[in-house]
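Below is one structure; the comments refer to it alone.
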Amino acid sequence: MINEALREIRRGTAEIIDEARLETLLKNYFEKGETYTVKAGFDPTAPDLHLGHTVLLQKLSVFQKYGGRIQFLIGDFTAQIGDPTGKSETRKKLLPAQVQENAQSYKDQVFKILDPEKTTVVFNADWLNALGSAGILELTTTFNVARMLERDDFDKRHKAGIAISISEFLYPLLQGYDSVHLQSDIEIGGTDQKFNLLMGRHLQRVYETGKEQAVLMMPILEGLDGVQKMSKSLGNYIAVADAPNDMYGKILSISDALMWRYYELLSAKSLNEIDELKTGVENGSLHPKKVKEALAVEITARFHSHESAEAAREEFERVHAQSEMPSEMDEFSLTGPIWVAKALVDCGLSPSTSQSRREIKQGSVKIDQNKLSDEQLQLEAGEYVLQVGKRKFARLKVTQ
RNA sequence: GGUGAGAUACUCAAGUGGCCAACGAGGGCAGACUGUAAAUCUGCUGAUUUUUAUCUUCGAAGGUUCGAAUCCUUCUCUCACCA
């Protein structure tokens with residue numbers, strides 16, 4: 001029993017620090033029914049969760065199965081600094097109302113995976129504001145610049161001559177202090193969070209809390225391109241809030257190699273089941289597309305419903321495999337006669353008439369399934385189905 | 001505080017008076033092909049029904065010039081070295 005739990009917890013992890021402590025916590029749960037706390041921090045500036053975030057959530061839900069109480073931390077205070085990880089950009093200060101709104105949006109999305117009964121949502125401004133300048137000052141004495149600069153991205157930026165703001169040094173310290181305040185037993189995060197996660201251990205020791213959190217790091221999920229991490233700013237993401245059709249289509253577009261990665265990190269299928277699928281594909285008894293379809297349906301169903309996932313699959317087959325028209329598309333009504341390039345812009349299929357003309361020249365524009373070659377075409381009154389490329393459609397009604 | 005270097009399109013990056021709407025790479029979009037929105041190959045990638053044209057754009061504002069991304073002045077920001 002405990003071994004099975006450990007195996008599920010280890011699945012897909014990049015690194016676990018202090019496994020002994022993890023085992024002790026589980027042992028206490030299985031033998032004495034003692035629960036423990038698992039902390040995970042999220043930034044309130046980006047309430048649009050994507051599948052990359054759900055890797056952590058998936059893992060948190062595993063902990064919930066084995067006695068973990070989740071401390072779902074919303075970093076409303078630290079968001080004022082901005083985690084130095086990755087690109088540095090100046091953050092805008094969020095108004096309390098916005099934070100509340102974003103937090104609510106988090107809850108809506110997160111509880112599709114997590115059990116709300118075993119989750120506590122906390123805001124770090126609650127205790128970090130109370131820390132005061134004396135408290136901050138004390139916090140800064142626990143660490144030094146040389147060690148701070150050991151952090152990989154600080155080091156890179158320092159050497160590359162890219163600005164590092166002093167406030168950014170505070171970020172890891174404050175995140176670590178959260179663990180002190182919350183008395184966390186375990187903290188989980190992405191591998192890019194290693195430095196910050198270890199800071200939690202360091203500060204728990206310095207502040208003599210009597211425990212040092214175990215740290216579990218999940219790998220960063222690759223985005224649709226399979227190379228860069230999934231992120232909204234790179235545009236290679238699948239949002240939790242994506243419509244079923246989009247979500248399904250995006251998952252189906254990933255490469256075969258990446259599919260296995262997604263299986264490991266996102267699927268609720270057991271490791272044994274996944275191994276069977278792999279063997280099937282390798283010996284040719286299973287078509288890779290079928291396996292990918294199964295993944296796409298599973299993930300889509302998780303955030304929507306099984307019915308809408310199945311509907312998305314059928315829709316996809318119809319539109320892409322058999323190149324028929326989608327059953328639903330946006331409808332527009334315009335007064336005519338209207339130049340076709342302009343109509344494409346008005347229907348949101350093209351950003352400018354110049355772009356429309358280029359697309360017509362390339363033969364990517366279709367009207368009622370027929371390729372359009374005359375870029376001067378005026379649309380008279382009537383109903384048309386406009387199409388740009390394979391997947392942008394609009395139904396247009398032209399009135400006199 | 002001093003000295004020097006730099007800021008070019010979504011990103012990186014070339015361009016040092018007219019051949020510049022601006023090389024190249026990445027990204028994005030499209031076409032062909034395919035089990036797929038994958039891979040590969042090819043084209044396009046500031047705007048505008050003047051399309052062998054016009055207008056806007058090379059950190060900001062002025063200036064020199066027939067003509068400025070390019071020269072000058074001031075400003076803003078970034079970095080490096082020195083203090």
Side-chain angles (χ1 to χ4, degrees), chain A residues 51 86-90 154 156-166 168 222-239 242-263 277 280-281 284-297 299-300 312-324 326 336-346 348-366 370-379 386-393:
Chain A
L51 290 189
K87 287 182 191 170
S88 68
E89 22 181 274
T90 317
F154 281 150
K156 277 187 195 146
R157 281 164 65 188
H158 188 60
K159 282 180 181 155
I162 300 167
I164 301 171
S165 155
I166 295 287
E168 293 179 82
E222 292 85 351
L224 299 174
D225 52 45
V227 180
Q228 292 192 278
K229 71 170 188 172
M230 183 177 284
S231 90
K232 199 178 174 186
S233 46
L234 293 173
N236 59 358
Y237 69 107
I238 303 175
D242 272 348
N245 287 349
D246 285 342
M247 191 179 277
Y248 183 90
K250 282 180 182 176
I251 296 171
L252 216 58
S253 81
I254 64 176
S255 71
D256 289 357
L258 188 60
M259 163 173 85
W260 297 116
R261 183 84 170 144
Y262 278 33
Y263 257 113
L277 292 177
V281 169
S285 65
L286 257 179
H287 198 293
K289 195 195 173 193
K290 291 288 167 207
V291 181
K292 203 179 290 176
E293 278 179 359
L295 176 72
V297 168
I299 304 288
T300 308
R313 189 178 67 78
E314 283 161 25
E315 180 80 359
F316 190 90
E317 283 304 305
R318 184 161 60 244
V319 177
H320 300 290
Q322 296 159 41
S323 26
E324 289 178 18
I338 185 168
W339 181 36
V340 64
K342 183 82 172 55
L344 290 171
V345 176
D346 289 344
L349 298 177
S350 174
S352 68
T353 54
S354 297
Q355 180 70 20
S356 296
R357 295 160 66 98
R358 279 192 289 268
E359 273 158 350
I360 293 168
K361 225 175 271 173
Q362 290 191 122
S364 66
V365 175
K366 288 183 189 164
N370 299 314
K371 192 175 282 187
L372 175 67
S373 52
D374 175 16
E375 65 176 57
Q376 297 300 326
L377 181 72
Q378 297 286 330
L379 293 175
L386 304 180
Q387 178 183 1
V388 176
K390 284 174 191 153
R391 48 198 173 112
K392 280 184 284 188
F393 290 89

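Worth knowing before you read on, the calculation uses all heavy atoms, side chains too, and leaves out hydrogens, waters and symmetry mates. Below, read A as the first sequence line, B as the second, and so on, with proteins coming before strands; counting in each chain starts at 1. Please read these numbers as outputs of a predicted model, since none were measured by experiment.
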(request) Output the single nucleotide from B:A30, B:A38, B:G35 whose closest atom is nearest the side chain of A:Lys392. (result) B:A30
(request) Give the nucleotide from the list B:U34, B:A38, B:U49 with an atom nearest to the side chain of A:Gln378. (result) B:U49
(request) Can you tell me the distance, in whole Å, between the CG atom of A:Leu258 and the P atom of B:U36? (result) 19 Å
(message) Here's a test of your reading of the structure: between A:Leu377 and A:Asn245, which maps to the more 5' nucleotide of RNA chain B?
(response) A:Asn245
(request) Mark yes or no for a side-chain to base donor-acceptor pair under 3.5 Å between A:Glu359 and B:U45, with no hydrogen or angle criteria applied. (result) no
(message) OP1 or OP2 of B:A47 versus the side-chain N and O atoms of A:Arg358: is any pair under 4.0 Å?
(response) yes
(message) Ignoring hydrogens and geometry beyond distance, is the side chain of A:Gln362 in donor-acceptor contact with the base of B:G43 at under 3.5 Å?
(response) yes
(request) Would you kindly give the CG-to-C1' distance between A:Asp246 and B:A37, to the nearest whole Å? (result) 11 Å
(message) For a quick test of reading the model: is some side-chain N or O of A:Arg391 closer than 4.0 Å to OP1 or OP2 of B:C29?
(response) yes
(message) Set out, in order, the CA-CA distance, both residues' side-chain angles and the distance that settles side-chain contact (heavy atoms from CB on, under 4.5 Å) for A:Tyr248 and A:Val297, then state yes or no.
(response) CA-CA 7 Å; A:Tyr248 183 90; A:Val297 168; 3.8 Å; yes
(request) Between B:G27 and B:G59, how far apart are the C1' atoms? Round to whole Å, please. (result) 24 Å
(message) With the stacking rule set at 5.5 Å and 30°, tell me whether A:Phe316 counts as stacking on B:U36.
(response) no
(request) Taking only Lys NZ, Arg NE, NH1 and NH2, and the carboxylate oxygens of Asp or Glu, determine whether A:Asp346 and A:Lys342 approach each other closer than 4.0 Å. (result) yes
(request) Would you please confirm or rule out a distance under 4.0 Å between OP1 or OP2 of B:G31 and any side-chain N or O of A:Ser364? (result) no
(message) Less than 4.5 Å apart, side chain to side chain, heavy atoms only: is that true for A:Val365 and A:Leu386?
(response) no
(message) When you measure from the side-chain N and O atoms of A:Ser354 to the phosphate of B:U48, is any distance below 4.0 Å, counting only OP1 and OP2?
(response) yes
(request) State whether A:Ser352 places a side-chain N or O below 4.0 Å from either non-bridging phosphate oxygen (OP1 or OP2) of B:A47. (result) yes
(message) For A:Lys250 and A:Val345, find the nucleotide of RNA chain B closest to each by heavy atoms; which residue's nucleotide sits nearer the 5' end?
(response) A:Lys250
(message) Salt bridge or not between A:Lys289 and A:Glu293? Use side-chain N to carboxylate O under 4.0 Å.
(response) yes
(message) Is the phosphate of B:U48 approached by A:Thr353 (side-chain N or O, under 4.0 Å from OP1 or OP2)?
(response) yes
(request) Take the protein atom CG of A:Leu349 and the nucleotide atom P of B:C29, then report the distance between them rounded to whole Å. (result) 15 Å
